[in-house]
Amino acid sequence: MDSIPILSLILWLPLVAAVIVLFLPERRAMFAVSLAGTLLSLVLSVVVWVSFESGAGMQFRETFDWLPALGIQYALGVDGISLLMVLLNTFLFFLCIVYAWASVHERVKEYLFTMLILEVGITGVFLALDFVLFYVFWEVMLIPMYVLIGVWGGERRVYATVKFVLYTLFGSLLMLVAILALYFVHGNTTGVYTFDILELTQGTYGERFQLWAFLAFFLAFAIKVPMIPFHTWLPDAHVEAPTTGSVILAGILLKMGGYGFIRFSLPLFPDASELAQTAILVLSVVAILYGALVALMQTDLKKLIAYSSVSHMGFVTLGIFSFTQQGLDGAIMQMFSHGLVTGALFLCVGQLYERTHDRLIANLGGLAHRWPVYATLLLFFSLASIGLPGLSGFVGEFMVLLGAFMTGTRIFGVLAVLGIILSAAYMLWMYWRVMLGTLKEAHSRLEDITRLEAAVLVALAAVVVWAGVQPQIFVELFTADTSGIMQALAESGVSSAVIR
């Protein structure tokens, strides 16, 4: 296995498929190649998972000099945290291509090319061990997402894409400045000028420098999560994005922000993270409650799911900055679960819109009479979003709450519980208004979802149940890595760090 560049294969196979798609004339052949590329990446990700040794740090590393004069390398590697994100990413992209087979009929070649390039960009973010390489992938991801929303989106797609790009670029440019500052500060201190993420993480930086660099990284990651008050691009992007665009946006793109906090903010800037802890915990709880309350008031089904993402991602930052082992583990599980559940909910919304051409909740109702399969799956994912025990959503939220109650100020945990109660209110009320009651005459002849559409949702449901019933399989993948982060925080003098 060591002689095979398996991470490069996972990363670049979708690009190979994208190039081949450009030269294919037939729709069936385009989808066959796209499915093959995404499926092979998924299979190889599973191979890495099976071969992965928990607690052994970065594994399957690939390194060669890219620009040696500047200390820039092509460096890839995975630990348990990044591996779980890669598994989620490759799984969702494969299912999106499967779903698109029946739903995308215009500009198919361009659509598949865009999706495959987007997969390369996001996968690279989780695999990169060099800051320049990481930044390249971070920016590359913007282009296909911009195209995806701008070409296949709704009526206000131009406004949504411009807003998304401006927000993200602003944070990204500040992060680039901080990366360059790290490069020079580390070089001036040690004599070694490098962009190696692991080596830079081992460095020690002054409190003043940490604070400014932390703020630059914080803006980039907070916009991606998105945290309050940097969230306003998300509902617009979700509403205007095509169905698969919303799935990727909610399912994996938002996780790049949480991953950035865990991978970079805590290890690089422990003192600044401690100074910002209380403020970020407050913003996290505000996001949980605000997102839930706004979701409760939505009349558009897609906007309701979008604001629920703001609320659920608040649990991620709450867990990360609780500075507890349980909270950090719970944040990662919450990212994984949110990717599966919210991705499935956006698929459900897309399936409904393709049949009714309507997302206004007031115009729907009684659909369970005609769509028993759809009604069952929508209820399942609604309960998973609420955090029903036995499903993946419960695991992450419960562990985050444990971490929040272990902090010095337990009020954060109490307020987060209110967010869970509100999530039950808006999800169950949504289901009652959309699926129960009197069936509208205009919808009386609509057919239930197809076997292919149901198969995609069932695949997601199977993993949601698996992660809910046997969460230790997933937690054991990364718990040694999060333990190392917590140990490093404690050794750096972060007094609020609580190690299990």
Side-chain angles (χ1 to χ4, degrees), residues 92 95 99 235 238-239 243 246-247 250-251 288 291-315 333-334 336-353 355-356 358-398 417-437 439 448-449 453-454 456-469:
L92 287 179
L95 292 182
Y99 179 82
H238 269 314
V239 169
T243 298
S246 293
V247 172
I288 292 170
L293 287 170
V294 176
L296 192 62
M297 300 173 65
Q298 289 307 306
T299 57
D300 185 295
L301 189 55
K302 206 171 187 182
K303 270 195 175 182
L304 185 151
I305 306 302
Y307 277 105
S308 78
S309 288
V310 174
S311 181
H312 286 300
M313 289 302 292
F315 282 94
M333 281 301 295
Q334 176 71 357
F336 183 67
S337 173
H338 179 266
L340 298 169
V341 175
T342 305
L345 286 171
F346 276 116
L347 284 175
C348 289
V349 173
Q351 292 165 355
L352 185 149
Y353 183 76
R355 287 161 171 78
T356 64
D358 200 340
R359 292 195 308 261
L360 291 179
I361 297 174
N363 295 340
L364 303 170
L367 294 175
H369 298 292
R370 291 290 301 171
W371 301 355
V373 175
Y374 178 88
T376 302
L377 289 167
L378 179 60
L379 178 61
F380 173 86
F381 288 112
S382 298
L383 294 175
S385 179
I386 293 169
L388 185 72
L391 303 178
S392 61
F394 173 79
V395 178
E397 289 181 354
F398 182 74
V417 170
L418 294 179
I420 297 176
I421 296 171
L422 288 172
S423 73
Y426 66 72
M427 289 305 297
L428 294 178
W429 192 31
M430 175 277 292
Y431 188 86
W432 177 75
R433 287 181 291 169
V434 172
M435 302 309 300
L436 304 179
L439 178 66
D448 206 342
I449 57 175
E453 292 171 324
V456 171
L457 293 176
V458 169
L460 288 164
V463 182
V464 168
V465 173
W466 186 17
V469 175

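Predicted model only: the values in this text are computed from it and were never measured.
- Between Leu457 and Phe381, the closest side-chain pair of non-hydrogen atoms falls below 4.5 Å.
- Heavy-atom minimum distance, Tyr99 versus Thr243: CE2-CG2, 3.9 Å.
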Would you please test Asn363 and Thr356 for side chain to side chain contact (heavy atoms under 4.5 Å, CB included) and show each step?
CA-CA 10 Å; Asn363 295 340; Thr356 64; over 6 Å; no
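- Considering all non-hydrogen atoms of both residues, Ser392 and Val341 come closest at OG-CG2, 4.0 Å.
- In Phe398, the CZ atom is not crowded: 12 or fewer heavy atoms of neighbouring residues, nucleotides or ligands sit closer than 6.0 Å.
- The structure places CD1 of Ile386 at 11.0 Å from OG of Ser308, a figure rounded to the nearest 0.5 Å.
- The distance from atom OH of Tyr353 to atom CG of Leu364, rounded to the nearest 0.5 Å, is 11.5 Å.
- Separation of atoms CG (Leu367) and CZ (Arg433) is listed at 13.5 Å; rounding is to 0.5 Å.
- Val373 and Ala454 get closest at one heavy-atom pair: CG1-CB, 4.3 Å.
- Rounded to the nearest 0.5 angstrom, Phe315 CZ and Ser337 OG are separated by 11.5 Å.
- With rounding to the nearest 0.5 Å, the separation of CG in Leu340 from CG in Leu95 is 9.5 Å.
- Pairing each heavy atom of Pro372 with each of Thr376, the nearest pair is O-OG1, 2.8 Å.
- By the 30° and 60° cut-offs, the orientation of the rings of His338 relative to His312 is tilted.
- Nearest heavy-atom pair across Ile449 and Arg355 is CA-NH2, 3.2 Å.
- The distance from atom CZ of Arg359 to atom NZ of Lys303, rounded to the nearest 0.5 Å, is 9.5 Å.
- Here the side chains of Ile305 and His238 are not in contact, with every heavy-atom distance at 4.5 Å or above.
- Checked against ring-ring contact (aromatic ring centres under 6.0 Å, His included), Phe336 has the following partners two or more places apart in sequence or in another chain: Phe474.
- Closest approach of Val247 and Gly343 over heavy atoms only: CG2-O, 3.4 Å.
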